Amino acid sequence: MAAQHSPMEQFEIKPIIPLHIGGLDISFTNSALYMVIAIALVTYVMVYSVRGRPLIPGRLQSIAEIIYEFVGEMLESVCGKEGRRYFPFIFTLFMFILACNLLGMLPYSFTVTSHIIITVTMALVVFVGVTAIGFARHGVKFLSIFAPAGVPLWIMPLLVPIEIFSYFVRPVSLSLRLFANMMAGHTMLKVIAGFVIALGAWVGWAPLAFVVVLTGFEIVVAVLQAYIFAILSCVYLNDALHVGH
Amino acid sequence: MHVISIGIWGRSAIAGAIGGLTVAALPALAEGASGGMPQFNPSGFAPQLFWLVITFVTLYFVMARVALPRIAEVLELRAERISDDLDKAAALKAEADQVIAVYEKALAEARAQAANVGRETAASHAAAAATRQAQLGTELGAKIKAAEARIAAARATAMASLTSVAGVAAQAATKRLIGVDIEAAEAERAAATALRERG
């Protein structure tokens with residue numbers, strides 16, 4: 001019974017349909033279920049709402065258009081016109097994280113993005129992809145991002161290792177930020193919610209009120225973290241597109 | 001960017017604080033949990049990765065092939081339609097301006113024509129009046145002359161009869177005063193002479 005009340009219990013991966021290919025476990029778990037719900041939700045909003053291609057948008061279509069233009073403007077303001085090619089990827093990344101974060105806010109649901117393996121994979125895809133784009137576009141010249149122009153030569157031995165280090169820390173900070181925010185927020189909600197019962201009818205309303213406020217705060221965090229992940233991906237992409245800025 | 005970076009760092013600080021709280025709360029509330037956080041249990045990695053790739057790639061293709069082109073199309077169509085409508089409105093406005101210009105030109109012409117007609121009419125009226133006045137003047141002059149002639153004639157007649165009356169009066173006076181009966185013709189001659197002498 002004690003395990004049932006653990007604030008970490010909500011992060012448990014539970015197989016729904018056990019599947020194995022060779023020695024590989026590819027079971028359809030609660031995590032997989034919420035990923036499928038997330039992409040179904042995003043597809044519903046982004047595809048179903050625009051099905052008739054009407055000129056005067058309905059409510060859902062307005063939402064789809066606003067998100068489209070919001071992400072498009074974000075990408076263009078950071079990366080310029082060259083970034084347009086990567087719009088589908090940045091858009092998918094943003095929508096996937098946003099949907100997973102927001103679905104996690106539903107009571108009894110599972111938060112896909114509260115698992116470091118998920119955030120680290122997405123961050124590594126961005127990191128490796130951006131590095132590949134950088135080398136593909138600029139060749140060896142891409143390495144010049146480690147040696148900023150206009151810096152005195154004697155400072156280079158100090159600066160270049162720092163730049164290299166900060167470059168390789170990018171996927172770590174990118175993935176940890178999302179993972180830690182999601183996990184900490186949900187853990188805290190669970191812990192405080194546990195106090196409601198523990199403290200009883202006389203004092204329990206105080207943590208209850210706090211949970212209400214915190215839930216609102218966590219919804220903001222869910223949106224904000226998706227935005228931060230997406231815009232930092234754009235910033236890294238911009239470094240690869242425009243070396244020497 | 002500045003606001004965002006505040007957001008990131010502010011959030012990190014809060015996350016740190018929450019992390020501390022979580023760690024403190026864990027031992028009390030998580031007794032019996034099967035060895036630490038589920039996030040670091042490697043047995044969950046493979047299924048999560050597998051389904052992440054499947055769902056993410058699916059979503060990517062749905063977005064890239066269907067959703068985004070469709071929304072772009074709608075937005076483009078709308079922008080086109082709006083610019084079309086604006087163009088049409090501009091064309092209509094130009095047309096209206098032209099019509100107004102034509103109308104105003106016609107109005108000015110009509111006004112000028114009306115002024116012309118008025119001037120001409122006034123001139124012709126003035127000429128007619130002058131002619132009539134001149135005619136009237138001549139007529140009146142003729143009448144005056146005729147009247148003067150009549151008066152002169154009447155005067156002459158009167159003067160002539162005055163001579164004869166004076167002659168008769170002189171004959172009668174002569175007969176009464178001196179008892180001499182003079183000839184009527186002589187009396188008349190004498191009267192005429194006397195009248196001529198007096199002017």
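Chain A is the first sequence line, chain B the second, and so forth, proteins listed ahead of strands; every chain is numbered from 1. Atom set for the values below is all heavy atoms of this structure, side chains included, hydrogens, waters and symmetry mates excluded. These numbers come from a predicted model, not from an experiment.
A distance of 10.0 Å separates CH2 in B/Trp51 from CD1 in A/Ile39, rounded to the nearest 0.5 Å. Atom CG of B/Leu68 sits about 9.5 Å away from atom CE of A/Met95, to the nearest 0.5 Å. A distance of 8.5 Å separates CZ in A/Phe91 from CG in B/Leu59, rounded to the nearest 0.5 Å. Atoms OG1 and CG, from A/Thr113 and B/Leu52 in turn, are 11.0 Å apart once rounded to the nearest 0.5 Å. Annotation: the span from A/Met35 atom CE to B/Thr58 atom OG1 amounts to 11.5 Å, rounded to 0.5 Å. Of the inter-residue distances, the one linking B/Phe56 atom CZ with A/Thr92 atom OG1 reads 5.5 Å to the nearest 0.5 angstrom.
Of the two parts of A/Leu93, the backbone and the side chain both hold a non-hydrogen atom closer than 4.5 Å to a non-hydrogen atom of chain B. For chain A, the nearby part of B/Leu49 is the side chain; its heavy atoms alone come within less than 4.5 Å. Interface residue A/Phe11: backbone and side-chain heavy atoms are both found under 4.5 Å from chain B. Neither the backbone nor the side chain of A/Pro15 has a heavy atom closer than 4.5 Å to any heavy atom of chain B.
Interface summary for chain B: among A/Thr43, A/Ile118, A/Leu24, A/Val125, the most heavy-atom pairs under 4.5 angstrom belong to A/Ile118. Of the listed residues (A/Phe96, A/Phe87, A/Phe179), the greatest number of heavy-atom pairs within a distance under 4.5 Å of chain B belongs to A/Phe96. With chain A as partner, the option from B/Glu73, B/Arg81, B/Arg65, B/Arg78 having the largest number of non-hydrogen pairs under 4.5 angstrom is B/Arg78.
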Between B/Gln48 and A/Thr121, does the side chain to side chain contact (heavy atoms under 4.5 Å, CB included) criterion hold? Intermediate values first, please. CA-CA 10 Å; B/Gln48 286 192 73; A/Thr121 308; over 6 Å; no
Item checked: Test side chain to side chain contact (heavy atoms under 4.5 Å, CB included) applied to A/Asp25 and B/Phe45, step by step -> CA-CA 9 Å; A/Asp25 180 13; B/Phe45 287 179; over 6 Å; no
request  = Starting from the C-alpha separation in whole Å, work towards a yes-or-no answer on side chain to side chain contact (heavy atoms under 4.5 Å, CB included) for B/Asn41 and A/Ile13.
outcome  = CA-CA 9 Å; B/Asn41 180 0; A/Ile13 301 285; over 6 Å; no
Set out, in order, the CA-CA distance, both residues' side-chain angles and the distance that settles side chain to side chain contact (heavy atoms under 4.5 Å, CB included) for B/Arg70 and A/Arg51, then state yes or no. CA-CA 8 Å; B/Arg70 196 177 284 186; A/Arg51 68 199 174 284; 4.2 Å; yes
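In this structure, A/Glu12 and B/Pro38 have side chains that are in contact, with non-hydrogen atoms separated by less than 4.5 Å.
Between A/Ser27 and B/Pro47, the closest heavy-atom pair is O-CB, 3.4 Å.
Within 6.0 Å of OH in A/Tyr48 there are 12 or fewer heavy atoms belonging to other residues, nucleotides or ligands. Within a 6.0 Å sphere centred on CD1 of A/Ile56, heavy atoms belonging to other residues, nucleotides or ligands number 12 at most. When the shell of 6.0 Å around CZ of B/Phe40 is examined, it contains more than 12 heavy atoms from other residues, nucleotides or ligands.
Taking the six-membered ring for Trp and thresholds of 30 and 60 degrees, B/Tyr60 and A/Phe89 have ring planes inclined between 30 and 60 degrees apart.
For the pair B/Gln39 (side chain) and A/Ser114 (backbone), a donor-acceptor distance under 3.5 Å is present.
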